[in-house]
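Working notes, structure below.
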Amino acid sequence: MSNTLFFPVRILPVLLLTLFSCLAWAEEAWTGVYLNGNKIGYTSVREEKLTRPGTTSKRVFQMRLNGTMMNQTLQMEVDSTTWLGAKGQVSRMTYTITSAG
C-alpha cells in the first residue's frame, strides 16, 4: 500500500503542527510523521543557548518526508534555523525547502 501525498493540502497541517511545536521549551524533541497509519517521515526541533550579544538562543527545525504520489517516489526536506533575542524576538531566520520526485 503506498502513501499518497498531495502538496500542499496534506502537508500543510503537518507543517503547522510542527512549527507550533517549536514554541515548546524542550532542548530537543523528535516526532514521527504518519499518513494512513504508515510512517512517512520525522521532525526534530533542537534549541541551543548562545552567549552572543543580542542573541540568547537558536532553534533548529528539521523535517524529512518520504512517500509516493502517482506512483512516483517523493522526498521533501525542510530546514529552518531561528535566532532569538532575550525577549524571544526573532533576530534572524533561515528557511529551506527541498523537494525531489
Side-chain angles (χ1 to χ4, degrees):
M1 179 179 185
S2 66
N3 294 327
T4 303
L5 300 177
F6 295 103
F7 295 100
V9 177
R10 289 250 172 128
I11 298 303
L12 186 59
V14 173
L15 288 173
L16 291 174
L17 287 172
T18 306
L19 290 174
F20 284 127
S21 72
C22 291
L23 299 175
W25 285 99
E27 290 184 19
E28 187 168 289
W30 292 79
T31 305
V33 178
Y34 293 82
L35 181 65
N36 297 329
N38 298 311
K39 186 173 182 180
I40 62 166
Y42 67 90
T43 66
S44 71
V45 179
R46 182 180 75 244
E47 181 156 346
E48 302 171 13
K49 300 296 180 193
L50 302 175
T51 57
R52 295 189 314 197
T55 304
T56 60
S57 64
K58 176 174 81 169
R59 288 190 189 144
V60 179
F61 166 78
Q62 292 184 323
M63 179 171 64
R64 302 291 182 260
L65 299 177
N66 295 296
T68 58
M69 183 169 73
M70 300 173 67
N71 296 323
Q72 295 292 320
T73 300
L74 298 175
Q75 296 177 328
M76 183 175 177
E77 298 178 358
V78 177
D79 295 294
S80 175
T81 304
T82 305
W83 289 264
L84 301 168
K87 296 181 181 178
Q89 73 276 17
V90 175
S91 60
R92 180 178 175 204
M93 178 183 272
T94 62
Y95 198 86
T96 304
I97 297 176
T98 305
S99 180

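What you are looking at is a predicted structure, and each value in this text was computed from that prediction instead of being measured.
With rounding to the nearest 0.5 angstrom, the CZ atom of R64 is 4.0 Å from the CD atom of E77. The line from CD1 of I40 to CG of L74 is 10.0 Å long, rounded to the nearest 0.5 Å. In this structure, M93 CE and L84 CG are separated by 8.0 Å, a value rounded to the nearest 0.5 Å. For the atom pair OG (S44) and CD (E28), the distance works out to 6.5 Å, reported to the nearest 0.5 Å. How far CG of N66 is from OG1 of T73: 8.5 Å, rounded to the nearest 0.5 Å.
Using a 4.5 Å cut-off on side-chain heavy atoms (C-beta onward), M63 and I97 make no contact. Side chains of L35 and V33 form no contact here, defined as non-hydrogen atoms less than 4.5 Å apart. Considering only heavy atoms from C-beta on, T81 comes within 4.5 Å of K58 through its side chain. Counting only heavy atoms from C-beta outward, the side chains of V78 and M76 approach each other to under 4.5 Å. In this structure the side chain of F61 reaches within 4.5 angstrom of the side chain of T43, judged on heavy atoms.
Put simply, L65 and Y95 are part of the same group of oily side chains (I, L, V, M, F, W, Y) that touch within less than 4.5 Å, one to the next.
Connectivity analysis of hydrophobic side chains (ILVMFWY, heavy atoms under 4.5 Å, direct or indirect) links V60 to nothing; its cluster partners are none.
Residues that satisfy the side-chain contact (heavy atoms from CB on, under 4.5 Å) test with R92, not counting sequence neighbours, are W83, T94.
For S57 (side chain) and E48 (main-chain N/O), no donor-acceptor pair under 3.5 Å exists by modelled atom type.
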